[in-house]
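A quick write-up on the structure given underneath.
A, B, ... follow the sequence lines: proteins, then strands. Residue 1 opens every chain.
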There are 2 protein chains.
Amino acid sequence: MRVSREQMAENRERILETAATLFRERGFDGVGVADVMKAVGLTHGGFYGHFTSKDDLAAQALGRAFANANRWTSEAKAADPQAPLQAIASRYLSPSHRDDPGHGCPVAALGCDVVRQGGASRLAATEGVRTAIGGMSAIAPGETEEERRASAIASYATLVGALVLSRMVDDEALSDEILAAARAALEPTQQ
Amino acid sequence: MRVSREQMAENRERILETAATLFRERGFDGVGVADVMKAVGLTHGGFYGHFTSKDDLAAQALGRAFANANRWTSEAKAADPQAPLQAIASRYLSPSHRDDPGHGCPVAALGCDVVRQGGASRLAATEGVRTAIGGMSAIAPGETEEERRASAIASYATLVGALVLSRMVDDEALSDEILAAARAALEPTQQ
DNA sequence: GAATTTACATGATACTGATCATATAAAGAG
DNA sequence: CTCTTTATATGATCAGTATCATGTAAATTC
């Protein structure tokens, strides 16, 4: 049956957000079109009225996930203007982020999947990473702009790598140790 | 038809190595049992004489990939005893490693896939990561053993994160920049 | 060298999942 | 209020894939 224009827009929105979460939780191949639609409360057939294909959805959901996650940077700056990098690290490397991939960093959750993804998804990821680096550069230490940018990239890499490692291991103590070590490495070096 | 005992062992070996490469290139879900067997030059039916299931193969292939990759640490120590960490970084963050996931670091290639994998694969990964951290600790800077270990974990995370990011982006200049920034961050801080 | 074992080939089977064709009922236009 | 449009539901199709049953010929064994 038909729904109102407004309802349809909301449905599309929910499909996108739900997909963004499910993909991060189970990977692109671990989620079917029907799974997403069911989670939203619709049936699989209607999907193609909103998106042209699963790949299309994947690309847009990835863009959404990046947009949500990249907001963390400005939130950190607002929360702790003195040490925004530590604020980000603290949130990014927290057990709650580790244990909830569905609402966290798309790079840590889908990074290696995206590498094998074609076209639109790769573009969305490239744009997302570029934006993330830009945002981190604004809060990274360093005299020159180049220094800050290089430092931002390195910090970003450390965050991503540590989170992936902490999620991989099947040993909570080791997992916590990894998070703590990365947090420590991102503290300002007060020689 | 039947093959010699020796030939059978070699076949099993080739299945394992081929799977380790294909999984890293295309992900666990991107490779079928038939794909692996075909790449080895056998047919899909014989597979279950060597492994009990695809999951079994995945776990063993992951273990093999870790074993191969963890050898890099000792190779770096042998190649450049003065600066083994820089030797590893140089190899790990090279364009050739970035462009050949099939023969590289299993964390960067399969990290987020493993997180969703159950049982045996998770265990193999945990063991592999533990060994990697142990190997890196031996060449990490620091006064105490704890310092070296924490530093090793952070360096490992930076390597992994940078490689994943460099593979994700669809822009060679940005990709190279990421590799260079991470390499720079791993240089000894000669304050 | 005959008897037995077995690694692999062939060919089901059963299931999942992406996509599409068609139907329907409700929204929006007049 | 009627007519037209269309968002979604239902159901089918088609392809891919893990796993298993059975056959066969070559390697071991005695």
Side-chain angles (χ1 to χ4, degrees), chain A residues 1-62 110 113-114 116-121, chain B residues 1-23 25-62 110 113 116-121:
Chain A
M1 68 285 205
R2 195 176 174 184
V3 301
S4 75
R5 216 162 278 250
E6 194 180 359
Q7 181 62 248
M8 183 204 170
E10 190 193 312
N11 285 347
R12 192 195 133 93
E13 189 62 18
R14 289 186 56 214
I15 293 172
L16 208 51
E17 282 290 340
T18 303
T21 297
L22 289 180
F23 282 143
R24 276 177 287 184
E25 282 173 357
R26 307 187 215 155
F28 289 122
D29 291 334
V31 182
V33 167
D35 294 325
V36 176
M37 295 301 276
K38 192 174 187 181
V40 173
L42 298 173
T43 55
H44 65 278
F47 173 79
Y48 293 89
H50 292 284
F51 301 92
T52 67
S53 67
K54 185 185 175 182
D55 273 351
D56 179 26
L57 172 67
Q60 296 198 41
L62 191 62
L110 292 169
D113 283 38
V114 168
R116 304 166 209 127
Q117 213 74 9
S121 289
Chain B
M1 68 289 200
R2 195 176 174 183
V3 301
S4 75
R5 214 162 278 250
E6 192 181 1
Q7 181 62 248
M8 182 204 170
E10 190 193 314
N11 285 347
R12 193 196 134 92
E13 188 63 17
R14 289 185 56 213
I15 293 173
L16 208 51
E17 282 290 340
T18 303
T21 296
L22 288 180
F23 282 143
E25 283 174 357
R26 305 187 215 156
F28 290 122
D29 291 334
V31 182
V33 167
D35 293 325
V36 176
M37 295 301 277
K38 192 174 186 180
V40 172
L42 298 172
T43 54
H44 63 279
F47 173 79
Y48 293 89
H50 292 284
F51 301 91
T52 67
S53 67
K54 186 185 174 181
D55 273 350
D56 179 27
L57 173 68
Q60 296 198 40
L62 190 61
L110 292 169
D113 283 39
R116 304 166 210 126
Q117 213 75 9
S121 289

Original post:
Looking only at side-chain N and O atoms, does A:N11 come under 4.0 Å of OP1 or OP2 in D:dA7?
Top reply: no

Subject >> Atom pair distance, as rounded to whole Å: CZ in B:F47 and C1' in D:dA18 >> reply: 10 Å

Original post:
Do the side chain of A:D56 and the main chain of A:T52 share a donor and acceptor less than 3.5 angstrom apart?
Top reply: yes

Original post:
When all nucleic acid strands are considered with a 4.0 Å heavy-atom cut-off, which category describes B:V40: base, sugar-phosphate, or nothing?
Top reply: nothing

**OP:** To the nearest Å, give me how far apart CZ (A:R26) and P (C:dG17) are.
**Re:** 10 Å

Original post:
To the side chain of A:Y48, which of C:dT19, D:dC20, C:dT10 is closest?
Top reply: C:dT19

Original post:
Can you check the A:F28 CZ to C:dG17 P distance for me, whole Å?
Top reply: 17 Å

Original post:
For B:D35 and D:dT17, what is the distance between atoms CG and P respectively, to the nearest whole Å?
Top reply: 6 Å

Original post:
Among D:dT28, C:dA9, D:dA18, which is the nearest nucleotide to the side chain of B:V33?
Top reply: D:dA18

Original post:
Given atom CD1 of B:I15 and atom P of C:dA7, what is their separation to the nearest angstrom?
Top reply: 12 Å

Original post:
What is the distance, rounded to the nearest whole Å, between atom CD of B:Q7 and atom C1' of D:dA25?
Top reply: 15 Å

Original post:
Base, sugar-phosphate, or nothing: which does B:G49 touch, judged by heavy atoms less than 4.0 Å apart?
Top reply: nothing

Original post:
Under a 4.5 Å cut-off applied to non-hydrogen side-chain atoms, are A:I15 and A:F51 in contact?
Top reply: yes

Subject >> Toward the 5' end of DNA chain C, by each residue's nearest nucleotide, B:M8 or A:R5 >> reply: B:M8

Original post:
With a 4.0 Å cut-off on heavy atoms, is A:H44 in touch with a base, just the backbone sugar-phosphate, or nothing at all?
Top reply: base

Original post:
Salt bridge between A:D29 and A:R116, side-chain N to carboxylate O under 4.0 Å?
Top reply: no

Original post:
Checking only heavy atoms, does the side chain of B:R2 share a donor-acceptor pair with the base of C:dT5 at less than 3.5 Å?
Top reply: yes

Original post:
Looking for any heavy atom pair under 4.0 Å, which part of the strands does A:S4 touch: base, sugar-phosphate only, or nothing?
Top reply: sugar-phosphate

Original post:
In whole angstroms, how far is the P atom of C:dT6 from the CD atom of B:E6?
Top reply: 18 Å

**OP:** Please tell me if the side chains of A:H50 and A:Q60 come closer than 4.5 Å, counting only heavy atoms from C-beta onward.
**Re:** no

Subject >> Atom-pair distance (CZ on B:F51; C1' on C:dC8), nearest Å >> reply: 15 Å

Original post:
Hey, which of these two, B:V3 or B:S53, hits DNA chain D nearer its 5' end, going by closest nucleotide?
Top reply: B:S53

Subject >> Pairwise side-chain contact, B:F47 with B:L57, heavy-atom cut-off 4.5 Å (strictly under) >> reply: yes

